[in-house]
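Start at 1 with the first residue, then count along the sequence.
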Amino acid sequence: MAEDGRACYVYGVVPGDRSDDAVRDLGAVGDPDAAVTLVRHGGQAAVVSEVPVDKPLGTPEDLRAHARVLDSLAARSSPVLPFRFGTVVRDTTAVTGELLPEGHEDFQRALDRLRGRSQFTLRARYVQDAVLREVLTEQPEAVRLREELQGLPEEAGYDQRIQLGQLVMDAIAAKRAVDVLEVDRRLGPCVLASRVTEPSSAEGLVTASFLVEDDRRTAFEQAAEELAKHWDGRVRIRLLGPLAPYDFVADAMSPAKETVEETVEEGA
C-alpha cells in the first residue's frame with residue numbers, strides 16, 4: 001500500500017511511443033479528478049491513474065471510466081492491451097520494476113498481434129411482436145393453441161399455456177440458429193476473428209465480438225449497416241466500436257504458434 005493512502009490503478013498496456021496527450025482528460029477510475037498517465041518501461045507503457053485505497057471500486061461509473069479510457073485509446077490508434085477491471089498495484093515503481101518487466105514478452109506478443117486491429121461488438125435483439133408474428137405464420141399448432149386460450153380465465157388452460165410457450169421458445173431458438181449463421185455470412189468475410197455470446201433473454205438474438213483490421217473497418221461497418229437494413233423492423237441491431245480488444249486478449253497473449261485469427265475462428 002502506498003504511504004499516502006493511494007495506489008496505482010492499471011488500465012492496460014500500449015506501445016511506449018504513445019503520446020501522453022492520448023490519455024489526457026479522460027476521467028479516472030475511483031477518482032474522476034485523478035490524471036490518467038503513461039508509465040513507460042522497455043518500449044511499453046502502462047496506462048495508469050491513482051486510486052484511493054480506502055474506497056472500494058466497482059460502481060457503474062468506475063466500470064464506465066475503465067472502458068472509456070481503453071476505448072478512447074483504441075479509437076485513436078491501436079494496439080491497446082486491456083487489463084481486467086480492478087487491476088491495482090502498489091505504485092508506479094511496481095509498474096516499472098515488476099509489472100512491465102515480468103510481463104514484457106507476453107505483452108509484446110499481444111501488442112504485435114493486435115497492431116492495426118480493434119474490436120467491434122454487435123448486439124442484436126428480436127422485435128418481439130415481429131418475431132411472434134413469424135412464429136404464428138409458420139406454426140399452425142401455435143395458432144390453434146392461442147385460439148383455444150382466448151377468453152379462458154388465467155387459471156384455466158394451464159397445460160395449453162405451457163405447450164404454447166414451449167412451442168414459441170423452440171421456434172425462436174430455431175430462428176436464432178439460422179440468423180446467427182446469417183450474421184457470420186455477412187460480417188465474417190470482413191473480420192479476422194469473432195466471439196459469440198449466448199443471449200441472456202428470450203428476445204436476444206446474439207452478442208458477437210469481431211476483431212477487425214483497420215483497413216477493413218469501412219467494409220465491416222457497411223456490411224453491418226446492410227444487415228440492419230435487411231432486418232429492419234424484425235431485429236434491432238447496435239454496433240459498438242472501435243473498442244479495445246477485450247475478447248481477444250487471451251489468444252493474442254498465448255505463446256502458441258497459432259495467430260489470433262487461427263485460434264479464435266471456432267468462436268465464430
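Taking the salt bridge (Lys or Arg N to Asp or Glu O under 4.0 Å) definition, one finds that Arg217 meets it with Asp214, sequence neighbours left out. With sequence neighbours excluded, no residue satisfies salt bridge (Lys or Arg N to Asp or Glu O under 4.0 Å) with Asp71. Qualifying side chain to side chain donor-acceptor pair (under 3.5 Å) partners for Arg24, counting only residues two or more places apart in sequence or in other chains: Asp21. Considering only residues two or more places apart in sequence or on other chains, Arg18 meets the side chain to side chain donor-acceptor pair (under 3.5 Å) condition with none of them. Evaluation of the ring pair (Phe, Tyr, Trp, His ring centres under 6.0 Å) rule for Tyr246 yields no partner, not counting sequence neighbours. In this view, Arg185 and Glu182 satisfy the side chain to side chain donor-acceptor pair (under 3.5 Å) rule, not counting sequence neighbours. Partners of Glu50 according to the salt bridge (Lys or Arg N to Asp or Glu O under 4.0 Å) rule, which considers only residues two or more places apart in sequence or in another chain, are Arg6. Taking the salt bridge (Lys or Arg N to Asp or Glu O under 4.0 Å) definition, one finds that Arg238 meets it with nothing, sequence neighbours left out. Legend: residues meeting side chain to side chain donor-acceptor pair (under 3.5 Å) with Glu134, ordered by chain and number and at least two apart, are Lys175, Arg234.
Shortest non-hydrogen contact noted between Pro242 and Ser118 is CB-OG, 3.5 Å. Annotation for Ser49 and Tyr11: closest pair OG-OH, 2.8 Å, computed over non-hydrogen atoms. Between Gly233 and Ala130, the shortest heavy-atom distance links the atoms O-CB, 3.4 Å. Across all non-hydrogen atoms, the minimal contact from Cys190 to Ala223 is SG-CB, 4.3 Å.
Within the structure, the salt bridge (Lys or Arg N to Asp or Glu O under 4.0 Å) test picks out the following pairs touching residues 54-64 (sequence neighbours left out): Glu61-Arg64, Glu61-Arg68. Each ring pair (Phe, Tyr, Trp, His ring centres under 6.0 Å) pair with one or both residues in residues 25-54, not counting sequence neighbours, would appear here, but there are none.
Hydrophobic clustering of Ile, Leu, Val, Met, Phe, Trp and Tyr side chains at less than 4.5 Å, counting indirect connections, keeps Tyr126 apart from Leu181. Residues Leu63 and Val23 share a single hydrophobic cluster, defined by chaining ILVMFWY side chains whose heavy atoms lie under 4.5 Å apart. If you chain together hydrophobic residues whose side chains sit under 4.5 Å apart, Leu111 and Leu38 never meet in one group. Residues Val29 and Val14 share a single hydrophobic cluster, defined by chaining ILVMFWY side chains whose heavy atoms lie under 4.5 Å apart. Val48 and Leu26 fall into different hydrophobic clusters, where Ile, Leu, Val, Met, Phe, Trp and Tyr are joined by side-chain heavy atoms under 4.5 Å apart, directly or via other members.
No donor-acceptor pair under 3.5 Å is formed between the side chain of Arg125 and the backbone N or O of Pro199.
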Item to check | Derivation and outcome, ring-ring contact (aromatic ring centres under 6.0 Å, His included), residues Phe83 and Tyr9 | outcome: CA-CA 10 Å; Phe83 281 15; Tyr9 186 93; 9.7 Å; no

Next on the checklist: For Leu57 and Val88: C-alpha separation, side-chain torsions, deciding distance, then whether side-chain contact (heavy atoms from CB on, under 4.5 Å) applies.
Outcome noted: CA-CA 10 Å; Leu57 300 176; Val88 177; 4.1 Å; yes

Checklist entry - Is there a salt bridge (charged side-chain N to carboxylate O under 4.0 Å, His left out) between Arg176 and Asp179 once you walk through the steps? => result CA-CA 5 Å; Arg176 184 179 294 118; Asp179 291 339; over 6 Å; no

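Side-chain contact check for Phe220 versus Leu122: every heavy-atom pair is 4.5 Å or farther apart. You'll find the side chain of Pro82 stays beyond 4.5 Å of the side chain of His66, heavy atoms only. Here the side chains of Leu81 and Met253 are in contact, with some heavy-atom distance below 4.5 Å. The shortest distance between side-chain heavy atoms of Val180 and Leu205 falls below 4.5 Å. A heavy-atom distance below 4.5 Å is not found between the side chains of Arg117 and Pro245. Residues Val80 and Leu114 have side chains not in contact (no heavy-atom distance under 4.5 Å, counting atoms from C-beta outward). Glu221 is listed as a side-chain neighbour of Phe120, based on a closest heavy-atom distance under 4.5 Å.
Under 4.0 Å is where a charged nitrogen must lie from a carboxylate oxygen, and between Lys229 and Asp232 no such pair does.
Here CG of Leu187 is found 6.0 Å from CG of Leu227. Values are rounded to the nearest 0.5 Å. One distance of note links NE2 of His230 with CZ of Arg186; it measures 4.5 Å at 0.5 Å rounding. Atom CZ of Arg113 sits about 6.0 Å away from atom OG of Ser254, to the nearest 0.5 Å. Atoms CD1 and CG, from Ile172 and Leu132 in turn, are 7.0 Å apart once rounded to the nearest 0.5 Å. Note: Glu225 CD to Ile237 CD1 = 11.0 Å, rounded to the nearest 0.5 Å.
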Let me check something: any side-chain donor-acceptor pairs from residues 206-213 under 3.5 Å, sequence neighbours excluded? List them with distances.
residue : atom : partner : partner atom : Å
Ser209  : OG   : Gln119  : NE2          : 3.4
Ser209  : OG   : Thr121  : OG1          : 3.3
Ser209  : OG   : Asp247  : OD2          : 2.5

